[in-house]
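Structure, as structure tokens:
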Amino acid sequence: MKRALWQAWMPVLAAMVVLLSSSCRRDEYGLDRGIDATMQLGGDSLYLPLGTTVPFTVDSLLKESAVAGILTVNPQGIYVLSPAAISVSEKIEGVPLEDLVLDSVGTRQDFPVNLVSAGSASKAARMTASVYQEIGLDFEFENISDVVVELENMQFGGGTRFSFDLRFSSIPAGIDLSSLEPDLMLEFPDIFLFNGDLLLPGNQIAITEFDAASGGFSVELPLEGLDLSLIDLVDHNLDFTALIKLSGTISFNPLADGGKLPAASGEGTLPEGQELAASVVCAALDIAPERIQGVFSAKMPEQDLSLSFGQLPPLMQSSSTVLDLENPRVVVDLATNLGIPMNGSLELLPVYNGMRDFSAREEVAIRIPGGSSEQMHRFSFWIAKDASGMPDGAIFCEADLSSLLRRIPDSLVVVVNAVSDTTQLHEYSFGRDPVVEGSVQPEVPLVFGSDLAVAYEDTLSGLPDNFVSFVEGKEMEILAEIDNRFPLDIHIRLDLLDENGAVVPVVASGEQLIRACEKEGEPQVSSVSFLFSDLEGLLEGKQVKSLRLGCSVQSSEASAGIPVSSLSSIQAKLKARVEGGFTVDLNQEDGEPDPE
């Protein structure tokens, strides 16, 4: 309001001074020096119309003010105090899960294939081998960080794969591997998550033929991940065995050349001491965890987002100023690829002279939803007493910030604290640096409550040396009719000051009131009068060097809630009254009027 009052009243004072101090002599009259050329103007009083000021709007009043750079107009036409947003970006120390990285896991098992005859040996009966074998593949993840509370699943990169290789290690005489006909089922545990076309429902692969050359079977499948939902962490270790089952039959004709089986202890069996044996090798190769899901006890590094309000006029930062703002709000934008749902808080603190004012501290609870750790997820928190004007997609956080901004601070600090929500599933990506980005944007619509109070005092210097002559021994009055479209009561007082800055002892009319509008865009008309009287001659021998302007701006019950908008303005119709009029002496060289 400093700039507003200064620019609104300086045209009044300037017009008065110029009109009362300008020359009234006209050289073209050609009056002879010997003739008395004095003239009395105005009789007892002379009223001089000073004209009408242009409407002073917020733009014109604050054009050169430091606050102008942070004052914008929102789509509703309301002025909003909105400093440029401050942003930070910080790398988060990753959840320490390097112990979940293994190279490869493998095992080899040898087992016999028991054969029974499907018919008589004399009739060259086919032999049938019944196969059932369980192969255990042991996974051991040791010394896992205590940050990990639970593990749900683990996804691998494209290079991780599962390998299965079946070979016959002992082949009795009379058996031709090329005649082996398998009817086997290879069943993997549900813990294995595959990506391949060979799989049947139930995580199975059917083996219906062997390699003609080796008589064995090999397969390699991309291993997409592990389902760990049924595996418990024990003492920071994750140890489990993945059980792979091979079952079914293998049939063959041992007398493919028409001969007879060697002498046997029983019909349809191989000779004693001879058996068909197989060897199986299983392995998980190049285990490279890419993402894991689980529950992590993680904490986001504390973020301090500090926003400066710039160089504001002193009256806005005065301890006596009370800014009763109707609904200020702060928008905090956060973005992270952490993939972990977080519960936390936003703590707002005003800063004056480098010190945080904890007495005006405001804190709101926030929740940062989880999501894929492969991309940034952005969240906007709207901190205000209500959700009016909140954009779609923002998260409302209820808080009345009026007390926090009852005096505009030098800066505003927003402290972000967040810890993981251990009741929800989290996601973590290996090889990606978790990052948090944040920005804070205050938006303070100039809509005031009924307790607004701003006091201001300033000295207007540069008055002409002969200014005292217009008041000495008489009265001078400035009258104005003010159209005020601002929702603010303006109280104004003017005092005359001498060269030492002391108040000149003249009678003055005292404080004047310009009343606030009571409806947006419609003026409230006030008549004000500034009277300076020296009928007792106290100004004799004194000088008036400056005017002291004292004012206070207040809101009222009637004007509370009306915004300062593009329709707000103040305009004055002005005139001056000089008691006793003027004596204009056209004989004087300098043409100065002689006040009576």
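This is a predicted model, so every value here is computed, not measured. Side chains included, hydrogens not; waters and symmetry mates left out as well; all remaining heavy atoms used.
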- Pro369 vs Pro341 side-chain heavy atoms within contact, under 4.5 Å: no

- Within a strict 4.5 Å, meaning less than it, do heavy atoms of the Leu348 and Ile383 side chains meet? yes

- Message: How about NZ on Lys385, more than 12 heavy atoms from neighbouring residues, nucleotides or ligands closer than 6.0 Å, or not?
- Response: yes

- Roughly how far, to the nearest 0.5 Å, is the CD atom of Glu290 from the CZ atom of Phe156? 10.5 Å

- Item | Working for side chain to side chain contact (heavy atoms under 4.5 Å, CB included), residues Leu452 and Leu488 | CA-CA 9 Å; Leu452 174 77; Leu488 302 167; 3.3 Å; yes

- Query: Are any of the side-chain heavy atoms of Leu137 and Thr241 separated by less than 4.5 Å?
  - Reply: no

- Task: Decide whether Asp386 and Asn327 meet the rule of one side-chain donor and one side-chain acceptor closer than 3.5 Å.
- Result: yes

- Rounded to the nearest 0.5 Å, the OG atom of Ser566 sits from the CD1 atom of Ile78 at a distance of 9.5 Å

- Arg329 and Asp400 ion-paired at < 4.0 Å: no

- Within-4.5 Å side-chain heavy-atom neighbours: Cys282 and Phe162: yes

- Query: Ser380 and Asp333: side-chain donor and acceptor closer than 3.5 Å?
  - Reply: yes

- Are the aromatic rings of Phe217 and Phe210 close, with centres under 6.0 Å apart? no

- Answer yes if the side chains of Ser218 and Arg167 hold a donor-acceptor pair under 3.5 Å, and no otherwise. yes

- Would you give the length of the straight line joining atom CD of Gln554 to atom OG of Ser556, rounded to the nearest 0.5 angstrom? 9.0 Å

- Spell out, as yes or no, whether a donor-acceptor pair under 3.5 Å connects the side chain of His377 to the backbone of Thr336. no

- Message: Before you tell me yes or no, could you show the steps for Leu184 and Ile250 under side chain to side chain contact (heavy atoms under 4.5 Å, CB included), namely the whole-Å CA-CA distance, both residues' side-chain angles and the distance that decides it to 0.1 Å?
- Response: CA-CA 7 Å; Leu184 300 172; Ile250 300 175; 4.2 Å; yes

- If you measure from the Lys or Arg side-chain nitrogens to the Asp or Glu carboxylate oxygens, is any gap between Glu347 and Arg361 under 4.0 Å? yes

- Query: Are the side chain of Asp286 and the backbone of Thr160 linked by a donor-acceptor contact shorter than 3.5 Å?
  - Reply: no

- Does the side chain of Glu437 come within less than 4.5 Å of Met376's, by heavy atoms? yes

- Could you walk me through whether Leu151 and Ile292 pass the side chain to side chain contact (heavy atoms under 4.5 Å, CB included) check? CA-CA 7 Å; Leu151 284 174; Ile292 58 173; 3.9 Å; yes

Atom pairs and distances, side-chain donor-acceptor, residues 223-239, under 3.5 Å, sequence neighbours left out:
residue	atom	partner	partner atom	Å
Asp227	OD1	Ser229	N	3.0
Asp227	OD1	Ser229	OG	2.8
Asn237	OD1	Asn143	N	2.9
Asn237	ND2	Glu142	OE1	3.4

- Query: Hey, are the side chains of Glu220 and Asp165 touching, using non-hydrogen atoms and a 4.5 Å cut-off?
  - Reply: no

- Query: Can you tell me how far CE of Met390 sits from CD1 of Ile395, rounded to the nearest 0.5 angstrom?
  - Reply: 9.0 Å

- Item | Step-by-step side chain to side chain contact (heavy atoms under 4.5 Å, CB included) determination, Phe448 to Val564 | CA-CA 9 Å; Phe448 303 106; Val564 177; 3.8 Å; yes

- Task: Answer yes if the side chains of Ser565 and Glu520 hold a donor-acceptor pair under 3.5 Å, and no otherwise.
- Result: yes

- Message: Check whether Lys245 reaches the backbone of Pro189 with its side chain - one donor and one acceptor, N or O, closer than 3.5 Å.
- Response: no

- Message: Within the structure provided, determine whether Pro391 and Trp382 are in side-chain contact (heavy-atom separation under 4.5 Å).
- Response: yes

- Task: Locate the shortest heavy-atom distance separating Leu200 from Ala206; write the atom from each residue and the value.
- Result: CD1-CB, 3.9 Å

- Message: Ignoring hydrogens, what is the shortest heavy-atom contact between Tyr352 and Pro409? Give both atom names and the distance.
- Response: CE2-CA, 3.3 Å

- Note on the structure: CZ of Phe194 to CZ of Phe188, rounded to nearest 0.5 Å, is 4.5 Å

- Task: Any chance you could measure Glu362, atom CD, to Leu346, atom CG, to the nearest 0.5 Å?
- Result: 11.0 Å

- Query: Below 6.0 angstrom between ring centroids: does that apply to Phe381 and Phe396?
  - Reply: no

- Between Leu405 and Leu325 the two heavy atoms that sit nearest each other are O-CD1, 3.6 Å

- Smallest heavy-atom separation, Pro350 atom then Ala360 atom, equals CG-CB, 3.7 Å

- Query: Is Val330 close to Leu401 at the side-chain level, that is, under 4.5 Å between some pair of heavy atoms?
  - Reply: yes

- If you take all heavy atoms of Ala418 and Met342, which pair is closest and at what distance? O-CE, 3.5 Å

- Task: Ignoring hydrogens and angles, tell me if any N or O in the side chain of Asp357 forms a donor-acceptor pair with the backbone of Val351 under 3.5 Å.
- Result: no

- Note on the structure: Contacts of Phe164 meeting ring pair (Phe, Tyr, Trp, His ring centres under 6.0 Å) (sequence neighbours excluded), chain-then-number -> none

- Pair Asp421 + Arg367: basic N to acidic O under 4.0 Å: yes

- Message: Going by salt bridge (charged side-chain N to carboxylate O under 4.0 Å, His left out), name the pairs with one or both residues in residues 199-217, residues two or more places apart or in two chains.
- Response: none

- Message: Please give me the minimum heavy-atom distance between Pro328 and Val444, naming the atom from each residue.
- Response: CB-CG1, 4.1 Å

